[in-house]
Amino acid sequence: MSLALLIEQLLNGLQLGVMLFLMAAGLTLIFGVMGLINLAHGSLYMVGAFACAIVAAATGSFWIGLAASLVAAAAAGAIVEVTVIRRLYDRDHLDQVLATFALILVFSEGTRWVFGSFPLYLDIPPLLQGAVPLPGGGQYQLYRLAIIGVGIAVAIGLYLLISRTRLGMRIRAGESDREMIAALGVDIKTLYTVVFALGAALAGLAGALVGALQSVQVGMGEPVLILAFVVIVIGGIGSIKGALFGAILVGVVDTMGRVLLPQALSLMLPPSQAGLVGGALASMLIYIVMALILAFRPSGLFGAQS
Amino acid sequence: MKATGAREIIANATIALLLLAVPLAASAMGEPFYVTLATRITILALAAAGLNIALGLGGLVSFGHAAFFGLGGYAAGIMAAHAFNAEPFFLGLDSTTSMPVIWLVAIVTCGLVALPIGAISLRTSGVYFIMITLAFAQMIYYFANSWPAYGGQDGLPIFIRNTFPGVNTAQPLPFFLLCYAALLLALLMFWSLRNSRFGAALQAARQNSVRVSAVGIAPFNVRLVAFVISAMVTGLAGALFADLNRFVSPSMLSWHMSGELIVLIVLGGIGRLFGPVAGAMLFVLLEHFLGGVTERWQLFLGLILLGVVLFARGGLLGMIAGKARHG
Amino acid sequence: MAEPVLTIRELEKSFGALKATDGVSIDLMPGEIHALIGPNGAGKSTLIHQVSGSIKPDRGTIHFLGQDMAGLDVAARARFGLARSFQTSSLAQEFSALRNVMLAVQAKQGSSLRVFRPVMRDRSLIEPALAILERVGLAGRAHVPAAELSHGERRQLEIAIALALEPKAFLLDEPMAGMGPEGSKVLTGFLDDLRHEAPILLVEHDMDAVFALADRISVLVYGRIIASGTVEEIRNDPEVRRAYLGDAA
Amino acid sequence: MRSILATGLLGLSLSVSGLANAEPVKIGVITTLSGGGSGLGIDMRDAFTLAIDRSGNEDVELVIEDDAQKPEMAVQIANKMIQSDNVDLMTGIIWSNLAMAVVPSVTAQDVIYLSPNAGPSALAGERCHPNYFNVAYQNDNFHEAMGQYANEDYKNTFILAPNYPAGKDSLTGFKRFYEGELAGEIYTQVGQTDYAAEIAQIRSSGADSVFFFLPGGMGISFMKQYAQSGLDIPVMGPAFSFSQDVLPAVGEAALGVKNSATWSKDLDNEANKAFVEAFTEEYGRLPSVYAAQSWDTANLILSALEKASPDDKEAFRAALKEADFDSVRGEFAFNTNNHPIQNVYIREVVEEDGELTNKVVATAFEDHEDAFAQDCSM
């Protein structure tokens, strides 16, 4: 493999990782602050993509669509938090898994009811079309670079939010002691709704950004949900830093595995066979990595070790 | 306390009789489909009863039990396929269509696979345990999906239902009765486990694992044994399910299946003897009748589930028989 | 003089910059109650955790009945004969008092992988457990779930579970905490007898109980033992008075 | 027509089974009506009910249920339809893996099944069955046509498909007729949504063309990302990723792409014109290839019903086998294995009145037979 291709594939892995980070950051934030496992996070991703596609089609502007996706996902998140999620904070993980599993069914069929069964159209904005040259003679798509940029911006933003602002202070306090911040006079209910909506908005943002690359359709959130869980478990649940690291690890391992495993096997097997076996192994790779990491660090890479 | 205990016993007896009586009546009335539906309930209840050992007694939220359900199914499917093609099965041994042998293979396979999965997963706890069991199941799912030998995503048909000595398994009713007997045996085992010394240690480990180690019992060992037994029962259910559908495919291994098994238990009542049975009845009937009424049935199924989790804690049996008590 | 039952030598444990245990050495002799006192945050609980095996020390050794405890986990140490009670009660909440004690009896018998025979019909478990509940005065509450017991009753149940293990030494972490004066008095009398079954390493805040019971006292401040001796010696130690007893004495 | 949509209630199905002679013909339709793949099932159902409706045949009753794209669910519904609803015929399944789960057990219970879409090779060859009629295609057909057509222009094609049996059949089918070199052969993950890594490999492979089979959302994602990458190597594939149900979601990226199918909206025959007009009028959208195949399935059944009753299985099978109906695909006949002998066309994606659609540009095969017929001993 040439250097240019290698760089391109690493960037692809990085871009996939950044995407996963946008999902995982919300998940891990919600778990860290409220102790909640939210399987319906993928549904909020879908809401973001649908909102962006519909608004972009109506207005002709991807950017308005992007704004709409943030608003729609945050609103959907807030509504779900107030009506359902709020009742789950005191429950065990089992109830949370089940209730949010039920929410997936509701969201998926509800979306299909409203928007129909056919996939929607969403394209990247003209401003971000085209490619930029890479060192070594290759080139890389501008839009994907922009996604990487957004991911880095969100990571910095979250870091600043949590370490520098009053909201962040409250979030950190909430992580350590719910009763204490209630005693401090912070309206904990509102805080939780805000955090949940923030996580939802990040998922919606990811959905909208990816919607321009992929197919906007019902069920699009489920594969990415499972990956996002893999990410936060590898990184250590509740740790934003862990989510970032885990996301990039998963993105790069998955991409490079898909590319390299079949090629490595083709040294030993006929190409058709190498493709099949390599593909099979590549699809299992990140789960193998996850199991290995948890076997040695049961609370993830950046999780609090008990 | 006595009254709620008695109510639960009556509820259990009613459920057990109903599950037996409906297919008998349906068969007599020439409605074989309702026998098939009852068989489906019975097998799903068996699978969930297996999970209930880990989840209900041990508090181990395994989000990967579909792995064992599917492995059991593949054991039946693969052996039937080899027998159908008259090929040797393993180490030159002849394959067979005899259910007892297939069940044994399914149970042993699941036990052997559950042992390392459990040993690694049980190093973690809480959400990590949920997710690592999911990860193992996904590994097996993707493997089955992309491995070409046994049909991959298309799955593996079982052209002729496997056999049981002295029973005509091709007929719906005898096959149902076999499954029903297996379910009763599994429930008997669950009951016996729950009340045994092992069950005491397992349940205590769920309530307070620090306490359990402080009296000198290693929670890890107890949980690992529970996880393996649990997987074996679910694997047996998988083998029966494959024979019921005359088909096995990776969708038996998918994370939705793992979710459904948990749903069955919670619908019925966690840790209760007949929780999985009540849950499976409710779930299959909901799926069947909602599916008949509207194509948006998944929406309503979701809403009903949500309602149960939020407002009917303790599941169906919890509503009928009140809070569960331990000796 | 007899061999010590429990020997702690030069134990050290840090959490980040904080030295929670700093060169602690303690002997527990047969038949004695050795009290460990000190202000909040002195590292008493951390020490108990290290002895019972739930926290691994950075340095130092713990020998119990002549055996090095390093590498043994909580369950293994318990099987070896080291019984502990918890500062805040740690019980199987859904189980009755009886079943909590039965669990300890079964652990002592080493038979936790038996999967047949219902425990509630097993006289070899029920009878010893009931006898112990009788001894701690909980017989009348045997069938009440632990979650519904009063605070004092839970402390009694903690002791009962420790007793059921027939240990070679007790580690009792604030057994008097939250008990009324009456309850403390009864428990003090009970522990006074208990020392003849096995020696006790006692962490306790209730100074009346400590002075009434202890054969020897070690005073722990900021992870270090600043004084160790008989009740009289500790009462009169100026450093202890200054650092800890201060106003109380 | 007495169409009881989605009948699931025992009462309703019992109420019609009392009458002896005037008993209507019951057709069980199992298709995907919920979840991500429901677009295909809905087109299938809509065309099928429309065809029955327009025929004016009052004696056909439909029982329609959703399989949620789950094989176990489909098996359960099939059992219900046969054992409880006593259907005479069954149809509707979109996906190969569901067909593999349902068809063997349905045909074994002596019920006739007509496939409106899936055509796994196992059911065409060794496991063929007199009760199984495939009205759509054998799975390899579209890919074979694309392989044949690629010979005209290309020497070095890069091929990719998902890592599952239909994907393997696809690439095998393509290679069966393609004579040039392969620049690469990749199996992607099922349900994969990002193809950046694969597109980078294509770019560096020196291929002169790309053949892909990625049904559903996978194909939409691939086409969009391919166009966005700026790669200008020509792409081709079977019609699934360029069918009317997904074209709006792919957008302009699809313009000019050659794809293979047995049907196209602009095929010049009377039956097709009537079909396109009826479908567009009724539902306000253009029909997809799945709709066309279902329409044909319904009309095949109607044609056979005029000659025989499903109660006489032997006669009814013979009537079906004659394929005496006006197919929207033109010439249509059944091979020995009950699979179609038909033309396979090459279509090109074009824009018509502001809407993306396909037009036929070439005929890859005339009266094409599948490769498995000789394995079928029927």
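Chain A is the first sequence line, chain B the second, and so forth, proteins listed ahead of strands; every chain is numbered from 1.
Between B:Met139 and A:Met284 the shortest heavy-atom distance is O-CG, 3.5 Å. Minimum interatomic distance between B:Met131 and A:Ile37 (heavy atoms only, all atoms of both residues): CE-CG2, 4.4 Å. Minimum interatomic distance between B:Gly302 and A:Ala102 (heavy atoms only, all atoms of both residues): O-CB, 3.3 Å.
Taking CG of B:Leu134 as the start and CE of A:Met290 as the end, the distance is 6.5 Å to the nearest 0.5 Å. Taking CD1 of B:Ile132 as the start and CG of A:Leu294 as the end, the distance is 4.0 Å to the nearest 0.5 Å. Atom-to-atom distance recorded for B:Leu305:CG and A:Ile104:CD1 is 11.5 Å, nearest 0.5 angstrom.
Only the side chain of B:Phe63 has a heavy atom closer than 4.5 Å to any heavy atom of chain A. Contacts between B:Val263 and chain A at a heavy-atom distance below 4.5 Å involve backbone atoms as well as side-chain atoms. Only the side chain of B:Phe136 comes within contact range of chain A, with at least one heavy atom under 4.5 Å from a heavy atom of that chain. With a 4.5 Å cut-off on non-hydrogen atoms, B:Ile130 touches chain A through its side chain but not through its backbone. Heavy atoms of B:Leu55 lying under 4.5 Å from chain A belong exclusively to its side chain. For a residue to count as touching a neighbouring chain, one of its non-hydrogen atoms must lie under 4.5 Å from one of that chain's; by this rule B:Ile117 does not touch chain A. For A:Phe31, the part lying under 4.5 angstrom from a heavy atom of chain B is the side chain only.
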- Please report the C-alpha distance between B:Phe300 and A:Glu109 in whole Å, then the side-chain angles of each, then the deciding distance to 0.1 Å, and finally whether the side-chain contact (heavy atoms from CB on, under 4.5 Å) criterion is met. CA-CA 9 Å; B:Phe300 297 101; A:Glu109 280 313 297; over 6 Å; no
- Message: What verdict does the side-chain contact (heavy atoms from CB on, under 4.5 Å) test give for B:Trp255 and A:Glu222, after you've listed the backbone C-alpha separation in whole Å, the side-chain angles of each residue and the deciding distance to 0.1 Å?
- Response: CA-CA 10 Å; B:Trp255 71 276; A:Glu222 288 178 23; 3.8 Å; yes
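Across A:Thr100, A:Asp95, A:Val106, the residue that shares the most heavy-atom pairs under 4.5 angstrom with chain B is A:Val106. For the set A:Leu105, A:Ile286, A:Leu285, the entry with the most heavy-atom pairs within less than 4.5 Å of chain B is A:Leu105. Of all the listed residues (A:Leu39, A:Leu281, A:Val230, A:Ile288), the one sharing the greatest number of non-hydrogen pairs under 4.5 Å with chain B is A:Ile288. Note on B:Val308, B:Leu306, B:Ile304: by heavy-atom pairs under 4.5 Å with chain A, the leading option is B:Leu306.
Residues B:Ile262 and A:Leu94 are in side-chain contact: their nearest non-hydrogen atoms beyond the backbone lie under 4.5 Å apart. Within the 4.5 Å cutoff, side-chain heavy atoms of B:Leu310 are placed close to those of A:Val84. Contact of the A:Ser299 side chain with the B:Tyr128 side chain is registered, since non-hydrogen atoms from C-beta on lie closer than 4.5 Å.
Between the side chain of A:Arg91 and the main chain of B:Val309, a donor-acceptor pair closer than 3.5 Å is present. Looking only at distances, no side-chain donor or acceptor of A:Tyr287 sits under 3.5 Å from a matching main-chain atom of B:Tyr142.
Taking the six-membered ring where the residue is Trp, A:Phe101 and B:His256 present tilted rings, their angle falling between 30° and 60°.
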